[in-house]
Peer 1: 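The structure follows.
As the structure is a prediction and not an experimental result, all values here were calculated from the model.
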Amino acid sequence: MTTTLAASWTGHDTRLIGATVLAIAAIVVLITKAKLHPFLALILGSGVLGLVGGMPVDKLIKSFSSGVGSTVASVGVLIALGAMLGKLLADSGGADQIVDTILRRASDRTLPWAMALVAVLIGLPMFFEIGLVMLIPVILLVAKRTGKPLLLLGIPALAGLSVLHGLVPPHPGPLAAAGALNANVGLTLAFGLLVAIPTVIVAGPLFGRLAAKMVPDAVAPERLVPESSSGDRRRPGFLATLSTVLLPVALMMGKALADILLEKESHVRRVLDFIGDPLVALLAAVLLGMITLGKAAGFTRDKMSSTIGDSLPPIAGILLIVGAGGGFKQTLVDGGVGNVITNLATGANLSPLLLGWLVAVAIRLATGSATVATVSAAGIVAPLAATMDPSHSALLVLAIGAGSLFFSHVNDAGFWLVKEYFGLSVGQTLKSWSIMETIISVVAIALILPLGALL
């Protein structure tokens, strides 16, 4: 095996691998040391990759531009629709309705589990940053009301949100990886939920008990703890809110099941394929949400318009990062790096799922950004997916997403958000939040690898 691998290795392959390492190092240094925005870092990293790798300048520019265009076209619209649904959920009071309804039914013993469920339901249509900012005041308020240890309630909620961010569409990372790997989004969603549930249980309520013992004196700054809401505000009903949030999930899973169980010529499958397409499913949820959430909350036309419009500016940075990541991915592919990685993995008998996870872990540790780790790793291992069946392509998306969550530390904005809101020291944040993220990553890949062997 070693002889065969050495015989097939060329000077050009060495140059391409060196260019890839140098490009990733450039991206890492620009983000972490120069404090450059990841969008600009990815553009410059793509330039380094192409020039050092020997790509003609015109081909380099064309590759990067086409990668940006195809990624924004396939993923950007979905990210925008997801942001609109999340904003409707927040502004209408639908998120508050979900929280209040679940907490009314939770006992002291089941409260950590209820917090994880709240995070999962709120986090389905929302991006991590938005969901985190929304959830933290809820966590602080519930801890104040009940007198429970802050991390006993906080860790389950953070775990629920983080797992969805890394594994479940329509979050930007899984969507971008699915696009780069040509994976079926419905299958990715179905497998993502299958892996997410036990992962949330282990990293959330179970680890939350241990975290509360390791950091028993966590107390949020009083100025950050919100006051209880008056309850007089008009809000949408719980069932209507829940139905709206789960509609795109149901439609996309319906498509995934139809693709597996029904013949291609089936009229039912054609209908389910159409309404289960992520674009149609999310558009349907936004239109339904305008009625079940906006109208139910008494929104005027002007208020509805401003809510939808206000959802877009906060995601501009995410869109640009994902787009530039797509450009970096296409530069990797057109430069031939992916084929070299594929040959290496084949020669070393390394599982593509494990390789995707390891690459994402390395980039996550270096840059601190789960999204950058996901889109970069997806580009590097994309050729491996070309020979995979749809199930394994979806699992590769999840393996990369799991790797992108590994050990959040001081170069991750989420680390500092949790630290400040929960009143923790750097050491305490490492012992709680950082370990939780690592548990999520390890448990998820431990579930994904056996799934890949069984399918």
Side-chain angles (χ1 to χ4, degrees), residues 95 98-100 102-103 105-123 126 128-166 196-228 368 370 405-444:
I98 290 175
V99 170
D100 290 346
I102 291 178
L103 293 184
R105 299 175 181 273
S107 64
D108 285 351
R109 187 175 59 84
T110 60
L111 198 53
W113 300 84
M115 293 303 297
L117 182 58
V118 166
V120 167
L121 292 176
I122 289 180
M126 289 191 179
F128 181 76
E129 291 80 2
I130 300 170
L132 184 60
V133 171
M134 278 189 60
L135 266 179
I136 284 179
V138 172
I139 297 167
L140 302 185
L141 186 57
V142 173
K144 180 181 178 180
R145 285 185 193 172
T146 61
K148 295 288 184 183
L150 183 56
L151 291 183
L152 181 68
L153 305 178
I155 289 294
L158 294 172
L161 193 62
S162 187
V163 168
L164 288 174
H165 171 66
I197 292 170
T199 303
V200 170
I201 290 172
V202 174
L206 297 184
F207 175 66
R209 294 179 184 175
L210 180 60
K213 292 177 181 177
M214 290 194 298
V215 189
D217 54 345
V219 179
E222 189 61 34
R223 59 185 171 81
L224 297 178
V225 181
E227 297 295 327
S228 300
L405 298 176
F406 191 90
F407 196 73
S408 162
H409 60 98
V410 294
N411 60 358
D412 179 17
F415 178 93
W416 297 105
L417 263 178
V418 172
K419 174 190 177 299
E420 295 303 319
Y421 269 105
F422 284 24
L424 303 172
S425 67
V426 169
Q428 289 173 327
T429 312
L430 288 169
K431 286 196 295 185
S432 54
W433 161 258
S434 299
I435 291 179
M436 181 207 78
E437 289 281 86
T438 305
I439 290 172
I440 290 172
S441 182
V442 172
V443 170

Peer 1: Sorted by first residue and then second, give each salt bridge (charged side-chain N to carboxylate O under 4.0 Å, His left out) pair with at least one member in residues 211-220; sequence neighbours left out.
Peer 2: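 For residues 211-220, and leaving out neighbouring residues, there are no salt bridge (charged side-chain N to carboxylate O under 4.0 Å, His left out) pairs at all.
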Peer 1: Shortest non-hydrogen contact from Phe207 to Ser432?
Peer 2: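 What the structure gives for the nearest pair is CE2-O, 3.5 Å.
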Peer 1: Thr429: which residues meet the side chain to side chain donor-acceptor pair (under 3.5 Å) condition with it, sequence neighbours left out?
Peer 2: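 So Thr429 forms no side chain to side chain donor-acceptor pair (under 3.5 Å) with any residue.
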Peer 1: Please give me the minimum heavy-atom distance between Ser425 and Gln428, naming the atom from each residue.
Peer 2: N-OE1, 3.0 Å
Peer 1: Could you pull out all residues at least two apart from Val118 that satisfy side-chain contact (heavy atoms from CB on, under 4.5 Å)?
Peer 2: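 side-chain contact (heavy atoms from CB on, under 4.5 Å) list for Val118, sorted by chain: Val99, Ile102, Ile122, Leu135.
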Peer 1: Tell me the closest heavy-atom pair linking Thr110 and Ser107, and the distance in Å.
Peer 2: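 Heavy-atom minimum between the residues: OG1-N, 2.9 Å.
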Peer 1: Ignoring hydrogens and angles, write down the donor-acceptor pairs under 3.5 Å from the side chains of residues 146-161, residues two or more places apart or on other chains.
Peer 2:
| residue | atom | partner | partner atom | Å |
| --- | --- | --- | --- | --- |
| Thr146 | OG1 | Val142 | O | 2.8 |
| Thr146 | OG1 | Lys148 | N | 3.3 |

Peer 1: Identify the heavy atoms of Ala106 and Leu111 that sit nearest to each other, and give their distance.
Peer 2: CB-CD1, 4.0 Å
Peer 1: How far apart are the closest heavy atoms of Ala370 and His165, and which atoms are they?
Peer 2: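 For Ala370 and His165, the tightest heavy-atom pair comes out as CB-NE2, 3.8 Å.
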Peer 1: Return the OG to CD1 distance between Ser408 and Ile440, rounded to the nearest 0.5 Å.
Peer 2: 10.0 Å
Peer 1: Restricting to side-chain contact (heavy atoms from CB on, under 4.5 Å), what partner residues turn up for Leu430, sequence neighbours left out?
Peer 2: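 Checked Leu430 against side-chain contact (heavy atoms from CB on, under 4.5 Å); matches are Phe407, His409, Phe415, Val426, Ser434.
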Peer 1: Drop me the distance from Leu405's CG to Met436's CE, to the nearest 0.5 angstrom.
Peer 2: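 Rounded to the nearest 0.5 Å, the CG-CE separation comes to 8.5 Å.
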Peer 1: Applying salt bridge (charged side-chain N to carboxylate O under 4.0 Å, His left out) as the test, list every pair that has at least one member in residues 425-442; sequence neighbours left out.
Peer 2: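 For residues 425-442: Arg364-Glu437.
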